[in-house]
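Throughout, a chain's letter reflects where its sequence line sits, starting with A, and its residues are numbered from 1.
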Amino acid sequence: MKRHLLIATTFLAAIVALGVAQRALQSAAPAQGTVTAPRFEVDPLWPKPLPNGWLMGMTIGVGVDDRDHVWIVHRPDTLSAAEAAADQDPPAAACCRRAPPVLEFDPDGNLAGHWGGPGEGYEWPGSNHGIFIDFKGNVWIGGNEAKDAHVLKFTRRGKFLMQFGRKGQSKGSHDTQNFGRVAKIFVDPRENEAYLADGYGNRRVAVIDADTGAFKRYWGAYGRPPSDENIGRYDPDAPPPQQFRTPVHCAELSNDGLVYVCDRPNDRIQVFRRDGTFVKEQFIARRTLGDGSVWDIAFSKDPQQKYLYLADGKNEKVYILDRETLAILTTFGGGGRQPGQFFGVHSIATDSKGNLYTTETYEGRRLQKFVFKGVGPVSANQGTAWPAKPDR
Amino acid sequence: MTRKVSFQLSAAALLAIAFGDARTPGIAAQASAGQAPTYQVDPLWPQPLRAPWILGSVTGIAVDARDHVWLVHRGMASLTARTEAGLATDPPTAETCCAPAPPVLEFDPAGALVGHWGGPGQGYDWPQSPGGMAVDGRGNVWITAGGMPAPARDAAQAAPPPPQDAHVLKFSRTGAFLLQIGKPGDTGDGASRTGLNRPVDVDVDTQANEVYIADGGGNNRVVVFDATTGAYKRHWPLTNASCVRIARDGLVYGCDRKNNRVQVSRKDGTVVSEAVIAKGTLGEGAVWDIAFSRDPQQQVLFVADGSNQKVWVLRRETLAVISSVGGGGRWPGHFYGVGSVAVDSRGNLYTGETYEGKRLQRFISTSMGTAEGARK
């Protein structure tokens with residue numbers, strides 16, 4: 001009897017230990033029931049239709065400037081001949097045409113500016129990727145085609161200012177002249193430094209002077225030197241990977257000086273200080289394979305940036321996290337082509353009023369606006385963030 | 001002066017003339033006052049499908065007598081496994097999204113999903129790729145086996161095997177199989193009494209109990225069968241036959257898609273008239289599907305145009321274009337591959353998009369011009 005009890009107790013302890021171990025390996029558990037969090041509703045009729053029969057291809061970057069103008073960069077060359085039928089010679093139909101790659105919308109959703117493409121004095125990316133408007137109002141663009149080893153800086157009107165790195169010149173994750181298919185850029189107004197999510201080729205965060213391009217520092221996962229050795233496919237049951245897995249997809253600096261890095265196919269956020277000192281990490285939807293779950297990050301607009309918004313283009317949702325604990329409070333979205341749904345939600349940004357903007361790559365190809373409705377009680381799993389519909 | 005201006009605008013003006021209407025795409029039809037029905041997109045209809053379901057390319061839509069809206073879509077065959085259907089792969093690559101919804105979906109007027117069925121089963125051959133659909137006066141649901149597009153091949157290659165999609169299926173509204181006309185691979189030709197070749201669309205004359213099939217994937221005809229027995233009745237030629245719709249006055253409207261042409265005939269196939277829409281359109285053409293307004297005279301005819309990405313609004317008697325709805329894009333009220341159109345009893349317009357459009361959309365009737373009065 002005593003012996004049986006001992007066995008049973010041992011067995012129980014083993015189960016508990018196993019459970020604890022497993023729990024430690026799990027990602028941030030989705031919250032349940034009702035939570036207090038920012039609430040959003042999609043604005044289905046924002047922005048206004050583009051003029052000139054213009055269409056957007058894969059829309060792979062969104063940024064907001066200090067006037068709350070919303071900027072996107074897309075890939076016009078991803079539109080098929082049939083879809084851009086009016087661009088054919090002769091035109092096959094009256095609709096549609098490829099819009100210029102950089103589009104600027106005013107807060108009412110009117111198209112306020114458009115430019116981009118090859119020009120004198122710079123190398124336009126082979127595959128546009130990521131857009132950021134810095135505190136001086138200048139526009140930064142990355143690129144993720146195989147030879148894209150550079151970032152570009154323009155005025156808001158599209159006048160070329162600087163190119164950092166040269167196309168085709170990447171020498172890997174320790175190169176201090178060139179980059180490796182940069183996904184996204186963030187400029188720190190305090191230090192005037194640009195943080196590069198580097199990228200689709202390299203496995204690092206790189207920091208440069210935002211005016212001179214002078215190379216400052218770089219680091220890999222856990223703040224250690226990056227390595228370009230092939231680490232194979234992501235395995236959710238393996239110990240946490242010791243390297244970033246390409247693409248390193250965002251590097252966003254908070255007001256309190258923390259750098260949040262999207263380690264996309266590794267399904268995790270890693271947090272660093274400005275100097276690259278590792279602070280912590282959090283896995284999100286950890287069983288996600290392939291493209292991964294951690295695509296892009298934006299912060300809430302309160303001075304403390306209490307909330308972190310995370311776009312997941314694989315599970316087609318936006319997570320709202322408590323920034324301090326990195327716990328998931330709630331999610332919204334869902335797959336589909338209707339307002340508030342996503343196909344390849346790739347990029348996310350906030351304006352001064354706290355509104356959220358998303359863009360979709362693949363065949364989603366939209367810019368969408370989610371209106372901030374204040375912080376309050378909300379379901380932990382909101383589904384599609386639709387406004388209440390008036391009875392007809 | 002006038003001349004000078006017109007010269008300056010010549011390129012755009014020529015395009016506008018060639019395509020009938022090249023205005024900036026808008027959310028609602030820009031019709032002249034009192035002339036044509038106007039519409040406003042209902043961006044929050046239908047309600048989101050339950051997770052993790054998503055739509056593939058929508059190939060057919062229909063509205064039944066209860067104003068329920070039906071669609072059929074291509075499901076997994078039209079979804080990109082790597083990026084779009086992470087829960088439908090083995091092993092799954094995503095945690096929470098997405099997987100194809102069942103092929104046949106039924107929505108009530110509020111946009112709630114109230115029925116879903118379809119796929120392979122006993123006693124019939126589910127299409128490799130569904131095509132058009134109709135709900136007849138008895139509430140039965142008809143779906144064509146529209147087939148996949150023929151693969152490109154060079155002349156030296158042997159002829160490809162006959163397409164498997166060569167039939168039409170009839171189900172009850174709850175999905176019980178009732179009838180199959182045609183057999184997989186048995187395509188016949190333009191004179192066949194049994195074979196169909198990737199039929200694109202279907203409509204039913206409930207009173208005469210006859211089913212009309214746009215047999216346009218290879219046979220270039222409209223063919224009529226008994227709607228209960230499937231017995232052959234008659235047929236007549238129609239190139240690219242990609243839709244067929246029977247009006248209350250007994251006229252039969254067919255789509256000659258790639259020739260941008262609407263053909264009007266009597267039920268015996270006698271051609272009455274025809275009209276060309278957006279005649280400069282190349283490639284896949286401008287005339288993809290047809291629907292009628294619900295006023296007693298059905299004075300308005302709608303043409304879905306998946307090339308110019310709009311629904312043309314025509315006066316049925318003259319076949320003159322009086323307005324259009326839509327424009328290209330992914331936002332509400334815009335289209336990519338709008339290939340299906342239908343109307344409910346309140347005059348609301350519904351569209352289905354194929355390709356990467358993959359939506360069912362509703363446009364609320366906001367006014368009726370002097371000629372229509374379909375709403376009341």
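We find the CD-SG distance between A:Q341 and B:C98 to be 9.0 Å, quoted to the nearest 0.5 Å. Atom CD of A:Q338 is separated from atom CD1 of B:I54 by 12.0 Å, given to the nearest 0.5 angstrom. To the nearest 0.5 Å, atoms CD (A:E316) and CD (B:E84) are separated by 8.5 Å.
The two residues A:N315 and B:C97 make their nearest non-hydrogen contact at O-CB, 3.2 Å. A pairwise comparison of heavy atoms in A:A94 and B:N308 identifies N-OD1, 2.6 Å as the closest pair. Annotation for A:A285 and B:E95: closest pair C-OE2, 3.0 Å, computed over non-hydrogen atoms. The shortest non-hydrogen separation linking B:P43 to A:P44 is CB-CB, 3.5 Å. Nearest approach of A:W386 to B:W45, heavy atoms of both residues: CH2-N, 4.2 Å. Contact detail for B:W331 and A:L50: the closest heavy-atom pair is CZ3-CG, 4.0 Å.
A salt bridge is absent between B:K358 and A:E363: the closest approach of a Lys/Arg side-chain nitrogen to an acidic carboxylate oxygen does not fall below 4.0 angstrom.
Proximity to chain A is limited to the backbone of B:P92, based on heavy atoms less than 4.5 angstrom apart. There is no contact between B:R50 and chain A, counting heavy-atom distances below 4.5 Å. Of the two parts of B:P48, the backbone and the side chain both hold a non-hydrogen atom closer than 4.5 Å to a non-hydrogen atom of chain A. For A:S80, the part lying near chain B is the side chain, with the backbone staying farther off; criterion is any non-hydrogen pair under 4.5 Å. Proximity to chain A (any heavy atom under 4.5 Å) is shown, for B:R330, by both the backbone and the side chain.
Other residues, nucleotides and ligands contribute only 12 or fewer heavy atoms inside 6.0 Å of the NZ atom of B:K258.
Between chain B and the residues A:T361, A:D312, A:V42, A:D291, the most heavy-atom pairs under 4.5 angstrom are made by A:D291. Note on B:L360, B:T93, B:L49: by heavy-atom pairs under 4.5 Å with chain A, the leading option is B:T93. Heavy-atom pairs under 4.5 Å with chain A were tallied for B:T80, B:T83, B:T89; the largest tally goes to B:T83.
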**Request:** Please assess A:R337 against B:E356 for the test salt bridge (charged side-chain N to carboxylate O under 4.0 Å, His left out), listing each intermediate value before the final yes or no.
**Result:** CA-CA 9 Å; A:R337 310 295 167 100; B:E356 290 292 343; 3.1 Å; yes

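Looking at A:P49 and B:H334, their side chains come closer than 4.5 Å, going by heavy atoms from C-beta outward.
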